[in-house]
Structure formats: C-alpha cells, structure tokens
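Data block below; observations after.
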2 protein chains.
Amino acid sequence: MDSLPAMKESYTDVLVIGAGPAGLMCAQALARAGVKVRIIDKRCAFVSVGHADGIQPRTIEVFNSYGMGERMLREGIQVHMAAFYNPGPHGGIERSGRAPDVTAPTARYPFEMTVHQGALETMFLDAMDSMGVYVERSLAPVSVNISEDESIIKDPQAYAVTALLQHQPTSATPNEQEMVHAKYVLGSDGAHSWTRRTFGITMEGDQTKYVWGVLDMVPDTDFPDIRNRTAIHSHNGSCMVIPRERDIIRIYIQLTEEDIKRVTNPETGRAEMKFCNPDILLDVANRSFKPYYVKPVGEIEWWTLYIIGQRVASKFSVKERVFIAGDACHTHSPKAGQGMNASMQDTHNLAWKIAHVLRGWADISLLKTYEIERQKFAQDLINFDRKFATLFSGKPRTEGAEDGVSHEEFVQAWKTFGNFSSGIGVHYPESAAVNVIHQGTARNLIIGQRMVPQSIIRAADAWPFDIQDMLPADTRFKVVVFTGDLSDEVQREKVNILAQELEKSDSFLKTYPPPGAPTDTAFDIISVMAGQKIEVDYTDVPELLRPHWSKVFVDDVDFSGRVGGKAYATYGIDSHGAVVIIRPDQFVGMIAPLNKVNHLNQYFASFRISAAH
Amino acid sequence: MDSLPAMKESYTDVLVIGAGPAGLMCAQALARAGVKVRIIDKRCAFVSVGHADGIQPRTIEVFNSYGMGERMLREGIQVHMAAFYNPGPHGGIERSGRAPDVTAPTARYPFEMTVHQGALETMFLDAMDSMGVYVERSLAPVSVNISEDESIIKDPQAYAVTALLQHQPTSATPNEQEMVHAKYVLGSDGAHSWTRRTFGITMEGDQTKYVWGVLDMVPDTDFPDIRNRTAIHSHNGSCMVIPRERDIIRIYIQLTEEDIKRVTNPETGRAEMKFCNPDILLDVANRSFKPYYVKPVGEIEWWTLYIIGQRVASKFSVKERVFIAGDACHTHSPKAGQGMNASMQDTHNLAWKIAHVLRGWADISLLKTYEIERQKFAQDLINFDRKFATLFSGKPRTEGAEDGVSHEEFVQAWKTFGNFSSGIGVHYPESAAVNVIHQGTARNLIIGQRMVPQSIIRAADAWPFDIQDMLPADTRFKVVVFTGDLSDEVQREKVNILAQELEKSDSFLKTYPPPGAPTDTAFDIISVMAGQKIEVDYTDVPELLRPHWSKVFVDDVDFSGRVGGKAYATYGIDSHGAVVIIRPDQFVGMIAPLNKVNHLNQYFASFRISAAH
Ligand SMILES: Cc1cc2nc3c(=O)[nH]c(=O)nc-3n(C[C@H](O)[C@H](O)[C@H](O)COP(=O)(O)OP(=O)(O)OC[C@H]3O[C@@H](n4cnc5c(N)ncnc54)[C@H](O)[C@@H]3O)c2cc1C
Ligand SMILES: Cc1cc2nc3c(=O)[nH]c(=O)nc-3n(C[C@H](O)[C@H](O)[C@H](O)COP(=O)(O)OP(=O)(O)OC[C@H]3O[C@@H](n4cnc5c(N)ncnc54)[C@H](O)[C@@H]3O)c2cc1C
C-alpha cells in the first residue's frame, strides 16, 4: 500500500482567519510591524460591490495613521449633511430639518465618508502587497487547538496554537490540508464566526424583529436630499438614503410587517432573499418617498435583505492566544453605520499589542487589555445602537400618534450620540495601558481617548502640521513633551531637569529600547513649546528632546492665520507643561507633570519588559 | 551609385523644442487636450539633481488645475518662514527678524515649495506617459522654416512650419535626419535658445556683474534658521538659504569681486566653473555665516556657478506660428525663485489657446494674446528682479555705511513684491480674451487676474469645495453664475430671465459648442447661490444652470465652521449677482451683470468661431 503523502506543516507568528475589514486591518498592521502573518479566507474572491460603506471620522484618522488617509480621502464620498423627513399635512413626507451629519467637535475630518467595501479592502490589499503579504483564498480551518501545556501557554514565543486548514472546493487543490502552528490566532470570520463557535463563545443579546432591504443604484428622482444622509419617517415605513461614489445612492428600506410577509419563506418562517427581489424593495421605498419618486437609471447595482441582530460576544479572547474581532464578536443594525468601523478599530487596538509581545517588548498580559477595551466599547455600541434603531424604526409622532418618535427627539438623539457614533468619543477604561493618575495635568485631554488633533507649528521652519501626523501607527509609543515657555528661566530649568531625569539609566527611555539600539527604536520624542514662531528656535529645547530638527514644535498660529495656536488651551495644559504618553494606536496612555518621570517609569513597568531581562 | 535613403518625413500639430519645465508643461497640457504633439530635447537624459527648485504659490494652483497638485504637495517641501540676518555689533551676523516667506493674502497655498527639477519633470513625464507622449531625446533641430505663402499662414490647420531634426551624437542613430511638418512650433529651449537665435529675436537688457555660487548639501551646522528661507547680509557677502527635500539645503552664495577673481578664467576674463570648486564656495559661505558654521555631512550633492542676466526677448512669437517661452525669452537672478515658475506659466497660458485654434474653436488671432500677456509679465518680472537683486546684493547699511540697504528697506521690498513674486498678482491687460467693461459687477475680482480661491458649499450635500477645484485646466471656459438669493422673488425672476437668454440660439452657450454636442463640451456651468445650506436645494436654480446636481453651490460656512461663507463678500458681488467667465487657465476673462448676456456674447464673438461656420 502507498503511504499517504506527508501533510504540509508550517509555522507562522499570527494566523488571521477571515479577510474582511477586521482581518485585513490586522494583517496589514502586523505586516507593517514586521510580524510574520498569514491571512486566509474561505471565499474565492473579494467583495467588489455592496456591503458596508460608511466610514466614520475616527476611522479616517486611523487610516491616516497607517499612511492610507490620502487615498481614502481621494476615493471616498464625503457626507456632511443629514436631512430628516416626516409625514406632512398633505399625506406625503416633507422635510422637517437638516443638521450636520457628524457632531464631534474634535474630529479632524468633520464628516462621514462612504467608500464601498471593495475599494476599502483594496487599500489594505495594496498596502499588504508591498510587504509581501497576500490573502490565501479558498482556504478555511477544519480545527484549531490551543496547547494544554501551561509552560507553552506562558511562553509568548511558543507556537501555542495549531490549526488544520483545508483548501475549499473552489480552490485549485481542493481538500488539500495543511497544519499551521501559530503563536497567536485571530478569528475575524464575520457574524457567523466559525472560530467563535469552535471555542464555544456565546453571543449575548437578541435578534430584533426589524428587517431592512438595501438597494444600490444611480437614481432618477425629484427628491432634493438624494445626496444627503437622509432619514425618512413616513406613515408607510422608514428609509435611510446614503450617497455613494459615481452618483450611486444606497437606500436602506425598513420593511413593514406586511412587507415582511411578502418576503418570508413559508417553510422556515423567516425573511429570505430568494423570496424577495429589488422591485419589491423599490416599491416599498417609493411608498415612503411620496410625493417624491425614485427609480434606477439603468440597473439596480446591488441589493440585499438585512435582518438586524444586536449582540456582543461573552468574551473576545481565549487564553490570550486566540482572539475574535469584528462581526465575529458584535453585530448591530447597519443604520448607525458602525459595523465596519468597529471591526477595524478592534484589530487596530489588537495589532500593536501582539507586535510588542512578539518582540519581547511587552508582557503577554498586555493582551488582556484587548478584551478590556474592546468589549466595553462593543457593549456601549450595542446599547447605543439599540436605542438608535428603536428611534429610527419607531413610528413617527403625529397627530393621532402621540406616542410616536418626535422629530425633536430624533434629532436630539442624533446629536447626543454623535460623538460616540463618529468613533471619536471612544473611551478605554483604566488598565495596564491606561493610567489616569495625572489627568489634571492636561485637563481636557482625556486619558483613554484618542489624541485630539491640533495644528502645531514646526519650530525650525514654521510649517504647520497636525499633531496626529506625528503619531503614525508605527508601533512606537510617542513621548510628547509640552515644555511650556522656554524663555522663562524657571521653566527652562524644569525642562533641563526633565531631560536629565530621562537620561538616567533607570528612565523608561533608557530601559526599554533593545540593547545598543537608539532610543527612537522604541520611543519617538516630540516637543511642543509655548511661544511664538518668530521668536523660538528649535535649538531652544535640550538635545534629548530633539533627536532631529523636525521633532520640535511651537504652539502658535501659522503665518496665514488659518490654523494653530490652540494646543495648550485645547488640551488644558498650563504654563508648567506636561508629558503626554501616546500609545501606538494614538490613544492617550498617560499624562504626567514634568517632574514625575518616576511615575512614567512605573506606567511602562506595568506592561513592558526591560531589554536587559 | 546608390540612391540616398529617403529622408523620414512626418506631420504633427505641434512640435515642442526643449523638454525643460516650459516645454514639458506645454506638451502635457496639449496632450491632455487631445492635440497631436511631439517634444524633443537635445540632451540624452533628464535633469536629476540641482537646478531650479522654488515653486511659487500660483504654480501650485496651476499644478492642481492639471490634477497634479496632490503629488506636488506630497513630494515637495513647504517654505513658510523667511529669516533675515545682518551684521551684528560683535562682528558676526545676527538675526534681525523673521517674516512670512509668502505675503499673498489670496494664495490658496500660502507658502512656497521646493521640489527639485528632476522630481518636477517626472510629474510631467508620468502624466504624459499615460497619454502616450514621451520626450524624444538626443534630437535637435537643424533648421526651421515658416511658410512664406500667405494662404498657408492664414489657415490655422495648415502645416505652416517645417523643421529638419537631427539625431545627436549621443543617439543610437547619430546624424539621422527627419523632416517634421508642424502646424505650430514652440521653442522652449532655454536661455541660449536655438529657436530664438534662428529667428533673430533679440534679448533686451544686460548681464549684471553679480556672480553666485550654488551649493546643495545636507548640512552640519549650529545655525538655527537653516530650514528657513534665510537671507544673510554680512560684511563679507550675501547668502540665501533654501530648505529642500531629505534634510538637504541649498545655499546661494554671492561672490565678492575678490572671489570672482579666484574663479575667473584669465583667458576669457569670465567666471567659469572649471576655475571654481565647492570648497571655494563653502569657504565664502562660511565667511558670511560667522559666528555660525555650516559644512556638509558627507558629500556636496550638487554645485554650480550662476551668473545673473536680466533680459527679455523683443518678441515672443513669429507670425503666431513659432513661439518662444521660458528662459528662451526671459532670464533673471535665481534669488527671487522665479525662473521655473514663469517658464511654466508661459506655456500654461499658451497651450489652451493653441488647442482652441486647432479645434477650430478660436480665431488664430487669439494666439496674439500670448505675447500681449506674457511679454508684459516678463518685463514686470525683470523690473522686479532687478530691484530685488540690487537690494539683495547691495551692501548692508550699518554705521559707517549709511548708503547701504537697511533691514527695513529689505523687508519692505520683500512684502511689497510678495503678491507679485508669488505669481498670485499676475495681471493680464485688456485683449480679446480680457474684457473689463463690467469690472464693477464684482469689484474685488480683478478681471485679468486668476480666479481667487474661496470655499463654497455644494448645495446637494453640503460638501465644501474650493471654487478653484471646479476650474480644472480642461480647455473649457467656465461660466460661474452668482445667482444671488433665490428665495427673493425678484431675484429669482432675474435668474429665470438669464436662463432664458442663455437658451436662445444666439447666446454664446448655443453658438460655440460643436453641432450636436452638448453645451458642456465647450462650457462648464456652475452656479453659486446666496443663502444657507440648510435652506437651499440644488433644484432651486433653473435647469440650464445645473447640468448635474454637483454643479450647484451656496455661499455659506461649512458645518464644522472652518471654511466658506465669504465668496460674495470677497469677490465684491452684491445681491444682484453676476456672471463670471473664467478662462481655461483660471484667469477671469469677463464679468457681467445677469442681464447682460449680449455683452457676454460679444466677448466670445471677439475670438471664438461659431460652430455653424
Ligand atoms: C448590507 C449590509 C450593509 C452594511 N452597511 C454597513 C455600513 O454602512 N457601515 C458599516 O460600518 N457596516 C455595515 N455593514 C456591516 C459590515 O459589512 C460588517 O460589520 C463588516 O464587514 C464586518 O467586518 P468583519 O471583517 O468583522 O467581517 P466580514 O466583513 O463579514 O468578513 C469576514 C470574512 O471572513 C470570511 N470567513 C468566514 N468564515 C470563514 C472561515 N471559516 N474560514 C475562513 N474565512 C472565513 C468571510 O468569507 C469574510 O471574508 C453592513 C453589512 C451588510 C450586510
Ligand atoms: C543653478 C540654478 C538655480 C536655479 N534656481 C531656480 C529657482 O530656485 N527657482 C526658479 O524658478 N528657477 C531657478 N532657476 C532657473 C530655472 O532652472 C529655469 O528658469 C528653468 O529651468 C527654465 O525652464 P525652461 O524650460 O525655459 O528652460 P530649461 O530648463 O533650460 O530647458 C531647456 C531645455 O531645452 C533643451 N534644449 C536646448 N537647446 C535645444 C535644442 N537646440 N534642441 C533641443 N533641445 C534643446 C535643453 O536640453 C533643456 O532640456 C535656476 C537655474 C539654475 C541654473
């Protein structure tokens, strides 16, 4: 008898299961960080039309931090205005008002964008290509196991997880199998996550009864708000209009109970696509749009049925070796435009932590902060979404329906949740990576939130930059020193002492970079003086605080008077200055007065590993 | 005897001689316009280091109008601050002040940029590649002749020029010749222009005695203004520092009479590169820099000697068939950073005119406006440059040298000429293409200057855009209708009448597009309402004024409160509105009240050709 061919066996640092937005964000971030990563997807091709589209302001900031912001801004559609329609006195709908689509005062990009999921995934794929990482398609896991051996589990460098992968029928080599040994595994395999189910993680919350149809088309219409994010409440149902690329719009159409019956499979009792078609959806939409009409120019581009489930996974991590992210651990209505954003933010949060652990820079316990930070967020999100979906799907209040949702209530909710739904207000609780003891040192810069953008002026050449552009997602912690006014002798002396403290061998700056490596391998130091651009010199700050002339800034207005000059005031930093520690994901990790280097040392000691160990 | 091989003979619409900035700008603009163009250069390779670098604010606007602005902004270095050093009381120099590098309040990009000439030329070459146009190198003309036949000269479509081209010794086929028949020829062949000399065009003005050395290097220095545009006046000479890419700086070093002797060829009596070297220049520079030092980290990247000539050609065109542009018709000191900018502006001015004539859209007489507009500019430029160079090269005023140039005088000149040297203030005189009769209708929008940038809000979706982004260099005239407030019934009626007038068969909108072609083939119509974004609908303007929903704007502030809302006020347009005609090069060609469509018709009749003819 012939012996079976030896099964392929291989090793990787991280295996990512599922190449949707969550998985792709993770793979590209790890690849940039030099981590050996593989990413697989059971589908044979990537999404090219339809699916998610709304990109929230914070997501644009994150793309920018990976060097992909310019492309996002070039390819996407900006959504600035929301419009609201309600039943009017003559039977049809009429506009009850307009409002900003985004209400998040500190957003760097004060608008939402729409980028279709295919375009978005292409940005990741292109970035990955340049690093030699690609999606292995038509490939899915058959089994995945975490070692039971405690000594292996405790060793961050051990291949603690084995996954048996199998080529799908769509593959060129169907049924071929491969055993992959990975140090860490991410299950970013969507709402029906195989990974989640394999580890028996439960979803909490319940399916709601709302069923939505989705239509993408180039419209022929007389509706004046067709290019805004328009919420229509009519006596015949609710719709949401979303403007997209190439004159396309998307309409989310809420199906009434009657409509749901029309698309229900009598055998399963569930709404199903094969019992629906775009004409039914268009018909329902036009009932809501009256007295306006909307119909496609040419073909309907894409359509689907979407049934809202609002659920969060009971845990996001198994032994800090297998993680789940994205729709695998939280699902919600498409109306608030959150899904894709939250999914990418999950893995943006996770990737740098894995990179630090793999480099031996951070203790494996840092990985616990992933669940601490993202599960809380997901729960907040679901609470928000539930409230929002209820408001949105509720009957409008009119004469004779006094218990309905009034326009004012709706707009108020829209604004209240603006900061949250934009992704800007996300707030991580205290943990090893978030230390709030000196919150008072920069009153308005909330520790555990993302660094607030501000224009600052480069001291050497008066070129204005947004401080966020100095905080790329390059896995380094940023040490931003607000020096105060160095023409004040007392303050200058304090800054000199700070520099001396930072020079000491027990300072975090000296403790954590790999032996022999320059400080800026692990930390990027930026200083921001108080003062005037025409007065200060970049040479005013102590040498340690200016590893390069381009790292010194001043909080002043630029020469055109258009931007800058408000950083200290916005952050609530007074003339004594402050040191702000910003995590690789742009979240503020800690703030300290200039004379508390010892507290900064303690912060890093709580999760970092000294290079000398 | 063997017969000679038949000489290659070919036909092209436009032949461009010389692929420097002027020639490349022209070739890419013509290629974009669908014109058959060839561009040759006698050199075998393109410039990759050194040469020109300063990009003025208006030049960035022009690049943006060709879709190349984003790349320019990505690749270039921004220069925001100027610094001035003068002799101090202790012998060495000291800083007498700092000022904005650019003082042009309406500049969209309120800074200068430095982009080395190779990077700049690559932007053009890449754009041309996508249109199948490339530079034919190692190729130069031997002779060029304009037909003597009046009927040919009068026919804009005739091949009125023949040029005999010869492959250079550096070519793969040296000495091979080709006869090219062209409708039009551009000589953009630099300061020693063969084309200019061939047609016996004289240069007016004279060489000045100033000799400058130029050094490019990454500096090791203790000089705090090394990343600014710094003008140093010392008792030992003058320098100018220009920051560049990759930490490189350029120093322009003025040679004193003594220094000039050191680099003079005793045989010719002229300063020559082979009698100079970078050490001499570095030595001279360091004399000026005292008490600071500057020396290269590693090698000097590039250096040259530059002898200032300030001259303008007596004519820019021969029979509107052969044109000269760029350094071929004006040269000046490098200090004001003008040469490359003025050269590209020349051909930006010329290209759309040639395209219009070749399409049969404009009378050949339109080409006369090239010389009218650009020769005046060149003369203004030389006058400016002469004054500036004198100031710059003059002795500083100090005790004992009361006739020298004071710091105040210098800074004053810097500011006064700011608007001009930025390229923003360029003002073309009246001509067929510049009609000033209704200047009063938009008091602050100067007819004959470039359209002033302003943020306006798109009515359909409240997305803010700069009006300049609606004015791409696509060869179309833009008809910008400032409608006033359409909620005012009287005004609305006026706008309706305007639309009716424009619909008439004798209106310019109907007269000039090719038969059967839509209006927007030749004209792009944009409307800008007065009003509020939350009130107006894009459907408020008559249909003729909204060929697409994206063409309707409102003069309001955007939702973030950051931009917009000042267009009417800035332009000096009152509640009666105005029609502004903007040329394909973004210059304002005419302004008219809404009820003066007949005057607009006359404007176009003065240079355009009706499609019916
Ligand atoms: C109609 C519609 C409209 C939406 N609109 C919006 C919106 O406007 N804004 C918004 O933010 N979100 C929206 N969403 C939600 C959004 O699509 C998801 O939240 C987002 O795609 C989640 O990303 P993800 O990477 O977690 O999962 P997914 O995008 O679902 O990706 C999971 C990937 O894993 C693969 N996979 C699954 N199982 C396996 C397996 N066993 N092995 C290997 N691979 C596997 C899948 O093939 C898939 O590629 C919408 C969704 C739908 C359906
Ligand atoms: C050291 C230095 C510094 C400068 N600094 C600045 C600055 O800071 N800012 C600024 O704006 N300007 C600066 N200039 C000037 C700038 O380089 C020129 O103004 C600019 O390049 C002019 O562009 P052009 O296309 O007219 O001519 P050129 O750039 O000279 O190009 C002419 C082209 O024609 C080709 N050619 C010549 N004769 C023939 C022929 N017979 N047949 C075919 N091809 C031919 C040449 O090979 C060349 O490629 C500087 C110049 C020098 C030398």
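Order of the sequence lines sets the chain letters (A, B, ...), proteins ahead of strands, with each chain counted from 1.
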Handout entry: Part of B/P224 lying under 4.5 Å from any heavy atom of chain A
Key = both

Problem - Top of A/I534, A/I457, A/D225, A/V79 for chain B proximity - count of heavy-atom pairs under 4.5 angstrom - result: A/I534

Fill in the blank from the handout: Turns out that what part of A/V536 lies under 4.5 Å from chain B's heavy atoms comes down to backbone

Exercise for the section: Against chain A, label B/I77 side chain, backbone, both or neither, depending on which of its atoms sit under 4.5 Å from a heavy atom there. Expected result: both

Completion exercise
In terms of heavy-atom pairs under 4.5 Å with chain B, the winner among A/S550, A/S560, A/P464 is A/P464

Fill in the blank from the handout: When the 4.5 angstrom heavy-atom criterion is applied to B/A83 and chain A, the contacting part is neither

Practice task
Locate the shortest heavy-atom distance separating B/P105 from A/R562; write the atom from each residue and the value.
Solution key: O-NH2, 4.0 Å

Practice task
Report yes if some heavy atom in the side chain of B/D101 is under 4.5 Å from a heavy atom in the side chain of A/F559; otherwise report no.
Solution key: no

Fill in the blank from the handout: Note: vs chain B, highest number of non-hydrogen pairs under 4.5 angstrom among A/I226, A/D558, A/T539, A/D247 is A/D247

Practice task
Write down the atom of B/E535, the atom of A/R95, and the distance for their closest heavy-atom approach.
Solution key: O-NH2, 3.5 Å

Fill in the blank from the handout: Okay, B/R458 and chain A: the region with an atom under 4.5 Å from a heavy atom over there is neither

Practice task
Return the minimal non-hydrogen interatomic distance between A/K533 and B/R98, and the atom names on each side.
Solution key: O-NH1, 2.8 Å

Fill in the blank from the handout: Minimal heavy-atom distance between A/N228 and B/D461, with the atoms involved, is OD1-CA, 3.0 Å

Handout entry: Structural part of A/Y538 lying under 4.5 Å from a heavy atom of chain B
Key = side chain

